[in-house]
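We count residues from 1, following the sequence as given.
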Amino acid sequence: MKRYIIVLCVFLSAMAVNAQNLQAKYSGKLDMVGLPLVCRFENAEDGTRKCLWDSPNQGASDIPAVISRLTADSIFIDMPVLGAKYEAAIQDDGKTFAGNFKQRGQSIGLTLHAGDLVKPARPQTPKEPYPYQTKEVSVMSKYDNAWLGGTITYPFGYGFTLKPAQVPVVLMVSGSGQQNRDEELFDHKPFLVLADYLAKRGIATLRYDDRGVFKSQGSLEGNTTEVNARDAEGWLDCLRDMQKRGELGSVGILGHSEGGLIAFILAGEGKVDFVVSMAGPATDGKTVSMDQALGIIRLQEEAGQLSFEAAEQQRQQLSEEMVLASIRSQYGDNSWMDYFLNFDPAPSIQKITCPVMALNGMKDFQVDAKHNLGLLRELLPKNDKHLIKEYYGLNHLFQPCRTGLYAEYGQIEITMSEEVMKDIADWILRIK
């Protein structure tokens with residue numbers, strides 16, 4: 001569920017650098033996480049040299065950092081607000097930094113090379129001009145009256161070959177962590193890709209920026225899944241108003257990961273006509289976290305990174321107490337995590353009366369497919385229109401993958417399986 005993405009914060013810094021002829025820009029990706037980072041060195045107005053960082057996938061730029069020490073062969077950069085450091089050896093005459101990003105007891109490899117990031121190929125990302133209409137919209141959150149920004153994508157032929165009142169619409173709710181309306185991560189834009197596919201099949205979508213991101217306002221203090229659910233509810237009210245005006249047909253919700261959890265909550269309250277859950281958990285966060293730890297061991301064993309004996313030893317030693325202690329050491333006092341660990345969606349799922357499509361990738365270690373899909377089959381009230389499906393060889397992002405581990409997410413060119421997108425479109429059109 002929770003992605004281990006480093007959220008870089010802004011703090012003051014400027015420090016003279018005279019001991020090394022640094023390049024203007026260095027870039028690379030955090031090992032395992034795959035998060036692209038850019039480190040830049042510029043001359044300040046007072047003649048000193050300052051260090052700035054960019055995190056493109058998080059929409060963050062010009063983030064100051066403190067160069068605490070610089071020698072002929074090493075560089076040390078402090079990030080005190082994060083409680084983080086970057087320590088690296090300087091190689092290739094100053095053209096490479098080979099080191100580690102350290103935070104809260106974790107050390108993640110980060111090698112930076114002189115120059116800008118090389119944009120990976122993303123062949124499914126649609127390019128403008130689109131062959132359909134889109135409209136910028138905003139709505140007020142039902143939680144705290146914060147304004148949220150989003151995009152409605154109308155299907156090809158809307159108002160011409162397609163009668164508006166017969167066009168189904170899907171609210172797209174992203175996974176955990178604050179993301180933009182495209183659910184952008186690792187240079188992928190899953191929601192944009194899916195919205196484009198559905199528009200070409202006659203289905204409208206509404207995707208939005210999470211609170212505090214891009215065009216959405218709202219505080220993140222005390223943020224939980226329940227807060228995020230009320231944000232989504234505000235958008236559903238907007239779509240229901242459009243439905244009453246004859247501008248749209250049936251109103252559904254499509255959630256990925258935590259978004260799937262939110263979809264179950266709102267469907268249990270009778271807010272939608274149908275649900276698409278993409279790797280939405282059907283159990284409490286403690287169980288999800290334990291499944292994640294076991295899933296990582298399993299996938300490392302399948303990838304040949306662990307022997308059977310080593311994997312079995314890790315499984316025998318693993319306990320819920322150990323997993324929870326690790327989570328607390330990483331997140332500390334965190335309202336989102338506290339809520340997630342203790343919230344059980346079962347009562348909400350048992351109240352759902354509308355059709356549900358629930359999907360998982362077989363190689364998804366973040367939300368275990370067999371465990372969660374099995375629970376959904378038991379918990380959901382009977383309905384001939386339900387579709388519960390596990391996909392061979394797909395990961396948590398529904399990408400065709402080799403191992404299913406984090407490190408592959410950004411390396412895979414495909415953003416989302418065509419089979420999954422086709423199944424979603426076919427099912428919505430069948431039950432609308």
Side-chain angles (χ1 to χ4, degrees), residues 1-11 35 55-63 81-82 134-153 169-185 189-192 195 205-242 251 253-269 271-272 280 285 331-343 345 348:
M1 280 285 292
K2 199 70 179 173
R3 298 186 182 91
Y4 295 93
I5 295 179
I6 306 301
V7 182
L8 303 177
C9 299
V10 176
F11 51 88
L35 181 71
S55 181
N57 281 18
Q58 296 171 317
S61 60
D62 296 333
I63 304 166
V81 171
L82 289 176
T134 63
K135 185 170 82 171
E136 290 286 304
V137 288
S138 61
V139 74
M140 187 175 287
S141 168
K142 298 196 75 169
Y143 174 73
D144 61 359
N145 296 329
W147 282 101
L148 310 174
T151 299
I152 293 180
T153 300
V169 62
V170 183
L171 175 69
M172 308 176 84
V173 186
S174 69
S176 55
Q178 303 312 108
Q179 298 168 76
N180 65 23
R181 65 193 68 187
D182 298 331
E183 202 190 27
E184 187 170 356
L185 70 169
K189 299 181 178 181
F191 279 5
L192 176 61
T205 57
L206 195 161
R207 62 191 198 278
Y208 63 95
D209 302 319
D210 293 340
R211 59 173 41 235
V213 174
F214 194 39
K215 293 188 178 180
S216 287
Q217 302 171 350
S219 171
L220 299 181
E221 185 177 354
N223 194 42
T224 66
T225 298
E226 173 61 21
V227 174
N228 295 334
R230 295 314 128 199
D231 287 349
E233 184 184 2
W235 287 111
L236 289 176
D237 288 350
C238 171
L239 293 177
R240 286 296 191 195
D241 288 342
M242 296 178 69
V251 175
I253 187 168
L254 179 150
H256 176 232
S257 200
E258 184 199 15
L261 189 65
I262 291 169
F264 293 146
I265 293 171
L266 296 174
E269 296 173 2
K271 303 290 185 183
V272 294
Y331 291 94
D333 184 16
N334 184 292
S335 56
W336 184 94
M337 183 57 71
D338 290 342
Y339 187 96
F340 167 68
L341 290 173
N342 292 290
F343 178 73
S348 294

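- Remark: R211 engages D231 in a salt bridge, criterion side-chain N to carboxylate O under 4.0 Å.
- Contact annotation: the side chain of L236 approaches that of V272 to within less than 4.5 Å [non-hydrogen atoms, C-beta and beyond].
- Interatomic distance, CZ of F214 versus CG of D182, reported as 9.0 Å (0.5 Å rounding).
- The side-chain contact (heavy atoms from CB on, under 4.5 Å) search around E221 returns S219, not counting sequence neighbours.
- Looking at L148 and M140, their side chains never come closer than 4.5 Å, going by heavy atoms from C-beta outward.
- For K142 and E269, the salt-bridge test fails: no basic side-chain N is under 4.0 Å from an acidic carboxylate O.
- Taking CZ of F191 as the reference point, atom OG1 of T205 lies at 10.0 Å (rounded to 0.5 Å).
- Of all non-hydrogen atoms in G149 and S216, the two that sit nearest each other are N-OG, 2.9 Å.
- Side chain to side chain, W336 and E258 meet the donor-acceptor criterion of an N or O pair below 3.5 Å.
- Minimum interatomic distance between A263 and G255 (heavy atoms only, all atoms of both residues): CB-N, 4.5 Å.
- Counting only heavy atoms from C-beta outward, the side chains of D338 and D333 approach each other to under 4.5 Å.
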Hey, mind stepping through S335 and N223 against side chain to side chain donor-acceptor pair (under 3.5 Å) and telling me if it holds? CA-CA 6 Å; S335 56; N223 194 42; over 6 Å; no
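- Atom CD of E226 and atom CZ of F340 lie 15.5 Å apart (nearest 0.5 Å).
- Between K271 and D237 there is no salt bridge, since no side-chain N of the basic residue sits under 4.0 Å from a carboxylate O of the acidic one.
- Looking only at side-chain heavy atoms (C-beta outward), T225 and L261 come within less than 4.5 Å of each other.
- Of all the heavy atoms in S257 and G175, the pair that sits closest is CB-CA, 4.0 Å.
- Atom CG of N342 is surrounded by more than 12 heavy atoms from other residues, nucleotides or ligands within 6.0 Å.
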Working for side-chain contact (heavy atoms from CB on, under 4.5 Å), residues N180 and Y208: CA-CA 7 Å; N180 65 23; Y208 63 95; over 6 Å; no
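- Residues passing the ring-ring contact (aromatic ring centres under 6.0 Å, His included) test with Y339, sequence neighbours excluded: F343.
- Expressed to the nearest 0.5 Å, how far CG of D210 lies from OG of S174 amounts to 3.5 Å.
- We find the CD1-CZ distance between I265 and R230 to be 7.0 Å, quoted to the nearest 0.5 Å.
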Working for side-chain contact (heavy atoms from CB on, under 4.5 Å), residues I253 and V170: CA-CA 5 Å; I253 187 168; V170 183; 5.8 Å; no
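- One finds no salt bridge joining R207 and E183 here, because no Lys/Arg side-chain nitrogen approaches an Asp/Glu carboxylate oxygen to under 4.0 Å.
- Residues L239 and L171 form a side-chain contact, since some pair of their non-hydrogen atoms from C-beta on lies under 4.5 Å apart.
- The side chain to side chain contact (heavy atoms under 4.5 Å, CB included) test with T151 is passed by exactly one of M172, E136, K135: E136.
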List the steps and the verdict of side-chain contact (heavy atoms from CB on, under 4.5 Å) for L266 and E233. CA-CA 7 Å; L266 296 174; E233 184 184 2; 4.1 Å; yes
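- Counting only distance, with no hydrogens or angles, the side chain of D209 and the backbone of R181 share a donor-acceptor pair below 3.5 Å.
- With a 4.5 Å cut-off on side-chain heavy atoms, Y143 and N228 do not count as touching.
- Taken from CG in L206 to SG in C238, the straight-line distance is 6.5 Å, to the nearest 0.5 Å.
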